[in-house]
Protein chains: 2
Amino acid sequence: DGGGVESLDYEVVENFAYREEQAQRGKLYVSYLLVVKWFFALLIGICTGLAAVFINIAVENFAGWKFSVTFDIIQKSYIAGFVVYVLINLVLVYSSVYIITQFAPAAAGSGIPEIKGYLNGVDIHGILLFRTLIGKIFGSIGSVGGGLALGKEGPLVHTGACIASLLGQGGSTKYHLNSRWFQVFKSDRDRRDLVTCGCAAGVAAAFRAPVGGVLFALEEVTSWWRSQLMWRVFFTSAVVAVVVRAAMGWCKSGKCGHFGSGGFIIWDISDGQEDYSFAELLPMAIIGVIGGLLGSSMPCIHFNISHFIWPAFFCSKDKEYNDLATIFFNTQDDAIRNLFSAKTINEYSSQSLLTFLVMFYALAVITFGTAVPAGQFVPGIMIGSTYGRLVGMFVVKYYRKLNIEEGTYALLGAASFLGGSMRMTVSLCVIMVEISNNLKFLPLIMLVLLISKAVGDAFNEGIYEEQAQLRGIPLLESRPKYEMRNMTAKEACGSGRVVCFPRVVKVSDVVSILRSNKHNGFPVIDHTRSGEPLVIGLVLRSHLLVILQSKVDFQHSPLPSDPRGGGRSIRHDSGEFAKPVSSKGICIDDIHLSSDDLEMYIDLAPFLNPSPYIVPEDMSLTKVYNLFRQLGLRHLFVVPRPSRVLGLITRKDLLIEE
Amino acid sequence: DGGGVESLDYEVVENFAYREEQAQRGKLYVSYLLVVKWFFALLIGICTGLAAVFINIAVENFAGWKFSVTFDIIQKSYIAGFVVYVLINLVLVYSSVYIITQFAPAAAGSGIPEIKGYLNGVDIHGILLFRTLIGKIFGSIGSVGGGLALGKEGPLVHTGACIASLLGQGGSTKYHLNSRWFQVFKSDRDRRDLVTCGCAAGVAAAFRAPVGGVLFALEEVTSWWRSQLMWRVFFTSAVVAVVVRAAMGWCKSGKCGHFGSGGFIIWDISDGQEDYSFAELLPMAIIGVIGGLLGSSMPCIHFNISHFIWPAFFCSKDKEYNDLATIFFNTQDDAIRNLFSAKTINEYSSQSLLTFLVMFYALAVITFGTAVPAGQFVPGIMIGSTYGRLVGMFVVKYYRKLNIEEGTYALLGAASFLGGSMRMTVSLCVIMVEISNNLKFLPLIMLVLLISKAVGDAFNEGIYEEQAQLRGIPLLESRPKYEMRNMTAKEACGSGRVVCFPRVVKVSDVVSILRSNKHNGFPVIDHTRSGEPLVIGLVLRSHLLVILQSKVDFQHSPLPSDPRGGGRSIRHDSGEFAKPVSSKGICIDDIHLSSDDLEMYIDLAPFLNPSPYIVPEDMSLTKVYNLFRQLGLRHLFVVPRPSRVLGLITRKDLLIEE
Ligand SMILES: Nc1ncnc2c1ncn2[C@@H]1O[C@H](COP(=O)(O)OP(=O)(O)OP(=O)(O)O)[C@@H](O)[C@H]1O
Ligand SMILES: Nc1ncnc2c1ncn2[C@@H]1O[C@H](COP(=O)(O)OP(=O)(O)OP(=O)(O)O)[C@@H](O)[C@H]1O
Ligand SMILES: [Mg+2]
Ligand SMILES: [Mg+2]
């Protein structure tokens, strides 16, 4: 029901302190801020790249060590080797589960729905903490290293977002790692930009697909987008690509143990099928339909990890050992490389592919529900490429004359499954092209994605939206609902009395009003000379709490003080009002006021946002929705129809020469 | 000064007729509209693809025929052959100039600034006419076929946009090619989406780069973007790619004369340099700086074509014939392929490259100023790859040990010049990757683009913005100007009296008000029972003119009629109020009213937009700008501060279950 989550506030609170600060700083500060933003983009890129390299080195080394241990034992006893292999995996997985459940519960799952929620304007407690970052990194090492059917791109997106947010607030406050020097970004607005960069960096790091990363951030995650941001996000992704490349070059000299050029999700099939004929479009469309069906039916069930057994490993192992072994006893990246491989017609038997498909689908469904940090890309690619290859085998049989590669069909299958489950389009397409390093199949991938997305959309929403719903993250979609056409703004906001503040308010009243409700924004009403009421702005609960805590703004007289005269506003710099990123902030119950304090007054004028956006009461909700969503608002005033128009703003009025 | 251009109106006018239509149609109509939109996306893709194929076949055939004629003559006399060659070119170019100046003046130039203006919300007369489409297609065949230093991607973008707009209005009204069946899209809002698709289709057709096309439309052209649109745009681009591919397959059988697989701007260098070392980053950065300097200094001068001679062809021809011939006596696509070519170290001498650079820069500057349909991509690529190759030659000399290809540097040079002149980033990068069919250089291209854009930004705006400014197209940038922080909405809209209408207005008053000013939107003021004024909406000049012309809404009594009672609104369907796309619409002077008519009254209530967006008078202009720009508005009311708040809208109020 979304009752527990609070929204982020992307409004610039143009209060007196803010205006004064702006006036002091002038134009040079804008350039300074720009440089700092680019510097942060660079930092985010470097750190996310390094985190990705670290995770990969760890996973690859675990895998290598696991295989060398198992190999030695398997020489002597087949069963013993197998048991040891399973045990090592279980230990790794359970260590991951331990980290998540005991240390960083916010790091569970893929993390993409949470980041999506954050960038949509919903604050989920704890997702951007330092503790979550650590939990995510080590948790995903454990779960991926333990051979679970999941990938690391979801965790990497979350990692990138955490890094961005932590850098933006200048380190973790809790662990005293912060530095004042870094604390330039104090508003949700600036942080949102950083987190967007971090999110793109995560995808870029996972797939070594910088363009795909930008598009992912653009299409799937952010709800508001500006073209200035696009360029910076792109820069971050490029930095990640360079860092990863440099690290891989450095590792070639053997300094990183088992870590080779693999590990990053990249499958080069540039030597695949040269051409395709129109006759192949039918089987490809079929792949699209299968992808839509299977992808959309991937349920989002939640398990408790303690009920969780691992039966699939023990069955069906002997029957088709040879084929299945190449799939199971490798890291998943190698498995996919095998599935995609060209020039290997009839490498797999159709039975083993079918067995594998069923098993893998079951495994994926199970692991999706567990608490470990999990990406849904890699399992999706594995399932998809399995049935894709199956279809490819039939095509090879029936269209004998043509030069057809099963690997191509595996690629298309992977695209279709991902399209059917995630409903991403442009970004997914670019990522598939970037990881397969083959531009020729672009139109085919598009075709398959079109079909699978359309089929999936007929059944339910995408997997990230479904997960967000399950976790109670209230996302605002980009398109207003159909019903909104027939509703007005007044109807939407209900008939309850609006909780307002007068301009000068008694401290005891503030306390009682704040205790009596849970609203976070309150209109402030003043009176004109002639005694008529006048809405002068919006005051935020968080600002009121800061004022109550600091007490310096209390005054004895119930008359408004002149905000321009005297050292009033110098008592606060705007930093004090900045929202802490990852803690809940102050609560009304934490504030202790003496009975003297309660008799004092506060003049709210310097602290309020003097011009929140307003809509007339009978505007249709569709238009209200567009306004709210496009501008990323948190509070919007519904007001009566105006009695006069003071002027019209048109394009001409906004064309001001600098 | 932008005085002559009018804005587009992306607001949904929720007047009575619209609401009634919506209510009649219900939810099924939404699905129908969706299907129609996809169908149009398909049609736009097919038509744009075919137009691109047609232009290419024509250009390649002209080139082939030109060479075969010249070749025959050159065997006998070198001079005569050269003269014939120049003459043929001149005839082709002048026929293009003739088409543009006599037949379709709106088709002059690249067309991208105009389309950019259109999608930013500025209506430039005549750019989307059928006549312009024809002029653009044949004009660019003439100019490109005539060997001018320009490309066809600008014209193709314009062609795509024209096709989209014409399809959207169901053909050309002037030439009676329209069909009522197609007329589903009547508002600027829907047309904008179609034109966006057309624009992406144009880029996709020019470069065979579907992803690049989408990103181009996203980054460079559209100002408002919705993620639903992205998917449809992507589909259109994919259709173009398939159409072009199919046509090329069909042409391989020799049915298209000289048209081979070339002609589309694609240069495959996938067999180029395998790797690059960090030592090469310095020369690459230098390329970036050169690109920024040269690109930003590319002036936008306007010539009159009749003063225009062609001296460059006659000089310096003999001196370095061999090198220059491979550049000049080919179509430009082949020339670029030669410049990019790998494994050809020292194919060109540095002198000939230098000569070529100077000549080509001069030629490009001259042709940019002429009236012919011109794309700036291909000349940019040629200039850039020339100096890129020059730098590459030095690098080959100084870093002897490394495996360096001059072709790589040519590619980077091209990217840097385009980045320096157009300031595109993500889309340019993707286009470069797609046309060179090599993903390995992505980080390098990014690096070069970053530098060249930053250098260029230090001097001026991008070439499209500069051209738009020269042509008087008032673009609203995405970022508000710095000065706006200190201005309020009231200050921006000036102190002139607002021209209003009462709810029931005498026809003679309407006529005199409409004659007395040039405004396009007017507030309508009514009175409550208690006699207080109340703003009840905004009426558009175009709607008033329709009412005046049809006369059916005139009434004798000066009292408001009840809008819900009687057959009032059935007299108009919303189609009557639809704005004609490409004609100027009715003008007040075209309407003839008898003196009886002038004594009648009109009740405006059913025709007005009842809830335009409003801002309080002292909102800072930055926030007003964001609202105006993000929502794509044309008129915005500045109103006094409200006296009451009737309710607050928060995220929770907008989470309506369907
Ligand atoms: N000051 C107020 N007075 C009266 N009703 C309010 C006020 N603020 C919000 N509401 C209403 O209360 C309901 C719950 O909103 P809520 O109090 O959770 O908003 P918020 O906490 O300020 O914002 P969010 O929950 O999005 O962070 C909404 O339907 C809203 O219309
Ligand atoms: N109804 C009106 N009454 C008074 N001033 C107006 C009115 N409409 C616009 N203006 C002012 O006139 C100036 C010129 O606007 P103009 O009349 O060109 O707007 P428009 O034609 O309605 O819209 P556009 O020119 O963007 O298509 C602007 O500064 C605007 O503030
Ligand atoms: Mg709340
Ligand atoms: Mg005007």
Side-chain angles (χ1 to χ4, degrees), chain A residues 7 14 22 27 211 214 219 226-228 230-231 234 238 241-242 425-426 430 437 439 443 446 474 478 481-483 485 490 492-493 498 523 532-535 611 614 616-620 625 630-631 635-651 653-656 658, chain B residues 7 14 22 27 211 214 219 226-227 230-231 234 238 241-242 425-426 430 437 439 443 446 474 478-479 481-483 485 490 492-493 498 523 532-535 611 614 616-620 625 630-631 635-651 653-656 658:
Chain A
S7 305
E14 293 178 324
Q22 288 290 328
K27 213 161 171 177
V211 182
V214 174
E219 187 186 10
R226 293 166 299 126
S227 56
Q228 304 101 284
M230 185 152 174
W231 186 209
F234 188 48
V242 170
T425 52
V426 186
V430 172
N437 200 9
L439 280 166
M446 283 180 173
S478 62
K481 291 268 197 317
Y482 182 78
E483 281 72 19
R485 297 181 187 210
K490 187 72 194 61
C493 65
V498 177
E532 276 169 42
L534 196 72
V535 179
S611 47
I614 59 178
E617 51 181 322
D618 51 0
M619 183 179 272
S620 83
Y625 190 93
Q630 291 283 327
L631 298 178
H635 296 107
L636 186 62
F637 284 179
V638 179
V639 300
R641 274 182 182 282
S643 62
R644 283 186 302 150
V645 177
L646 301 174
L648 269 86
I649 294 217
T650 65
R651 176 173 291 259
D653 302 312
L654 297 176
L655 293 169
I656 293 167
E658 236 170 327
Chain B
S7 305
E14 293 178 325
Q22 288 291 327
K27 213 162 172 176
V211 182
V214 175
E219 186 185 10
R226 293 165 301 125
S227 56
M230 186 152 174
W231 187 207
F234 187 49
V242 171
T425 51
V426 185
V430 172
N437 199 9
L439 280 165
M446 282 180 175
S478 62
R479 185 201 282 276
K481 291 268 197 317
Y482 182 78
E483 281 73 19
R485 296 180 190 213
K490 187 74 194 62
C493 66
V498 177
E532 275 170 42
L534 196 70
V535 178
S611 47
I614 58 179
E617 52 181 322
D618 51 1
M619 184 180 271
S620 82
Y625 189 93
Q630 292 282 330
L631 298 178
H635 297 108
L636 187 62
F637 284 179
V638 179
V639 299
R641 273 181 183 284
S643 61
R644 283 186 303 150
V645 177
L646 300 175
L648 270 87
I649 294 220
T650 64
R651 175 174 292 259
D653 302 311
L654 298 175
L655 294 169
I656 293 167
E658 235 169 326

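Residue numbers start from 1 in every chain, and the chains themselves are labelled A, B, ... in the order their sequence lines are given, proteins ahead of strands.
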Atom group of A/Val430 that falls short of 4.5 Å from chain B, counting heavy atoms | side chain
Pair count under 4.5 Å, heavy atoms only, with chain A: among B/Leu648, B/Asp618, B/Thr650, B/Asp653, highest is B/Leu648
Looking at B/Val645, B/Val214, B/Val211, which has the largest count of heavy-atom pairs under 4.5 Å with chain A?
-> B/Val645
Check whether B/Val638 gets within reach of chain A through its side chain, its backbone, both or neither, counting any heavy atom under 4.5 Å.
-> both
Determine yes or no for a side-chain-to-main-chain donor-acceptor pair under 3.5 angstrom, with B/Arg651 supplying the side chain and A/Pro474 the backbone.
-> yes
Residue selection (most heavy-atom pairs with chain A, distance under 4.5 Å) from B/Val639, B/Val498, B/Leu534, B/Val535 | B/Val535
Those residues that, when tested against A/Tyr625, pass ring pair (Phe, Tyr, Trp, His ring centres under 6.0 Å) (two or more places apart) = none
Between B/Ala238, B/Ala492, B/Ser643, B/Pro533, the one whose heavy-atom pairs under 4.5 Å with chain A are most numerous | B/Ser643
With sequence neighbours excluded, residues passing side chain to side chain contact (heavy atoms under 4.5 Å, CB included) with B/Glu14 = A/Ser620, A/Lys623, B/Val12, B/Tyr18, B/Arg19, B/Pro610, B/Ser611
Atom group of A/Leu631 that falls short of 4.5 Å from chain B, counting heavy atoms | side chain
Segment of A/Arg485 engaging chain B (4.5 angstrom heavy-atom cut-off) = side chain
What residue, out of B/Pro642, B/Ser478, B/Ala241, has the most heavy-atom pairs lying under 4.5 Å from chain A?
-> B/Pro642
Verdict with reasoning, A/Glu219 to A/Thr425, per side chain to side chain donor-acceptor pair (under 3.5 Å) = CA-CA 8 Å; A/Glu219 187 186 10; A/Thr425 52; 2.4 Å; yes
Enter the distance from A/Glu483:CD to B/Ile656:CD1 here, rounded to the nearest 0.5 Å.
-> 7.5 Å
Which atoms form the tightest heavy-atom contact between B/Cys493 and A/Gly647, and what is the distance?
-> SG-CA, 3.6 Å
Where B/Glu617 and B/Arg641 come nearest, the two heavy atoms and their spacing | OE2-N, 4.0 Å
Contacting moiety of B/Leu654, where chain A heavy atoms sit under 4.5 Å | both
